[in-house]
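A short worksheet on the structure shown next.
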Amino acid sequence: MSESFDFKAYLNEQSSVKKVIGVVSGKGGVGKSLVTSMVAVQMNRKGYKTAILDADITGPSIPKAFGLKEKAKARDEETIIPVKSRTGIDIMSLNLLLDKGSDPVVWRGPIIAGTVKQFWSNVIWEDIDYMFVDMPPGTGDVPLTVFQSLPVDGIIVVTSPQELVSMIVEKAVRMAELMNIPVIGIVENMSYFKCPNCNEEHKIFGDSHIEKVAEEHGLDVLAKLPIDPEIAKTVDKGMIEDVKVDWFDKVIEKI
């Protein structure tokens, strides 16, 4: 006789989250955490109560982008209070629990996946309108856990122009389709570099193939982000909340 398993993780009774948006990528290094952070900041500016659940357990970069030094605190033996950013975004990341943010997390997959479920169930998320889940790259344990355990309303797929990456994007999109998770659209990062002197756009990583992938799956390309060294410097300083761009207007409309 086959057994039916309930993989769902349940919110703490003190929590309230209206909408959950996953931010995924097929491979690392394409700017997934940057997109997660900047979309959350823009939604926060629009007056929505916003949160980030950093599910990239072994490579958490969200706290650095927001310049967070404070550690998350326990309310009691079972619940944790997320750290608030300077502008009021609730953030939970493993780096907010470690004594040293540079300490490596050498854990097996099931423990990492269990930690993500605890971030959902044991953290007090108060009156959140939009939670953005920054997922690790690929289609392994953690994305599967998030898709099965959290009430994900949709995902944003982040990619870059290289042809190989386009193939990997298809894997992420197909995984979402298999799990019946709506794909909100695709964001291409590092799409081009605009010369500050001549204003000409240069395609550093070659021509993009993302429109073809998007068309094959009936998806929208929501944004094409430039390579911008000044924004990179701002993020490295932990001041992402000071960045003001209009790159994500279409993303905001869709979610």
Side-chain angles (χ1 to χ4, degrees), residues 6-24 32-41 43-44 48-137 140-153 155 235 238 240-241:
D6 182 7
F7 293 99
K8 185 181 289 185
Y10 294 90
L11 266 180
N12 188 286
E13 60 183 14
Q14 301 174 68
S15 295
S16 171
V17 179
K18 293 177 183 174
K19 201 162 188 179
V20 178
I21 306 296
V23 184
V24 309
K32 171 183 50 60
S33 297
L34 174 72
V35 172
T36 302
S37 301
M38 294 185 75
V39 173
V41 167
M43 290 299 291
N44 187 55
Y48 295 103
K49 184 70 184 297
T50 308
I52 298 176
L53 190 161
D54 189 356
D56 195 352
I57 301 297
T58 59
S61 55
I62 297 294
K64 179 175 175 55
F66 284 87
L68 299 180
K69 305 297 184 184
E70 178 187 352
K71 297 298 181 183
K73 296 179 175 64
R75 174 174 286 183
D76 52 44
E77 291 183 358
E78 295 185 354
T79 56
I80 301 170
I81 307 299
V83 174
K84 281 192 183 298
S85 75
R86 180 161 45 87
T87 62
I89 299 172
D90 285 353
I91 297 175
M92 189 63 220
S93 171
L94 189 65
N95 264 15
L96 301 177
L97 297 174
L98 298 174
D99 290 333
K100 291 177 61 179
S102 59
D103 287 344
V105 178
V106 189
W107 295 350
R108 295 191 183 277
I111 297 175
I112 294 172
T115 301
V116 172
K117 293 176 74 170
Q118 285 185 303
F119 282 178
W120 173 256
S121 299
N122 292 57
V123 174
I124 306 300
W125 302 105
E126 292 186 357
D127 301 318
I128 302 300
D129 295 311
Y130 289 93
M131 172 183 283
F132 296 93
V133 182
D134 184 18
M135 290 204 264
D141 283 348
V142 172
L144 181 60
T145 295
V146 171
F147 288 162
Q148 288 183 323
S149 304
L150 274 58
V152 179
D153 294 281
I155 65 167
V235 173
I240 196 166
E241 288 163 296

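Counting begins at 1 with the first residue of the sequence.
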Does [X] reach the side chain of [Y], with side-chain heavy atoms less than 4.5 Å apart?
X: Asp90; Y: Lys84; answer: yes
X: Phe66; Y: Val83; answer: no
X: Ile62; Y: Met92; answer: no
X: Tyr130; Y: Val39; answer: no
X: Thr87; Y: Val41; answer: no
X: Pro82; Y: Ile91; answer: no
X: Val152; Y: Val133; answer: no

What distance separates [X] [atom1] from [Y] [atom2], expressed to the nearest 0.5 Å?
X: Met43; Y: Met131; atom1: CE; atom2: CE; answer: 13.5 Å
X: Asp134; Y: Ser61; atom1: CG; atom2: OG; answer: 6.0 Å
X: Leu96; Y: Asp54; atom1: CG; atom2: CG; answer: 8.0 Å
X: Ser37; Y: Ile89; atom1: OG; atom2: CD1; answer: 8.0 Å
X: Lys8; Y: Ser121; atom1: NZ; atom2: OG; answer: 11.5 Å
X: Ile124; Y: Ile80; atom1: CD1; atom2: CD1; answer: 9.0 Å

Indicate yes or no for a side-chain donor-acceptor contact from [X] to the backbone of [Y] under 3.5 Å, with no hydrogens or angles considered.
X: Trp120; Y: Leu150; value: no
X: Asn12; Y: Asn122; value: no
X: Asp153; Y: Val20; value: yes
X: Lys71; Y: Asn95; value: yes
X: Ser15; Y: Val123; value: yes

Which heavy-atom pair separates [X] from [Y] by the least distance, and what is that distance?
X: Glu241; Y: Ser85; result: OE2-OG, 2.6 Å
X: Thr145; Y: Ala113; result: OG1-CB, 3.1 Å
X: Trp125; Y: Ile52; result: CH2-O, 3.8 Å
X: Ala9; Y: Lys117; result: CB-CE, 4.0 Å
X: Pro136; Y: Asp56; result: CB-OD1, 3.5 Å
X: Met135; Y: Gly22; result: CE-CA, 4.2 Å

Answer yes or no: is there an ion pair linking Lys18 with Asp129, defined by an N-O contact shorter than 4.0 Å? yes
Under a 3.5 Å threshold, yes or no: a donor from one side chain and an acceptor from the other, between Gln14 and Thr79? no
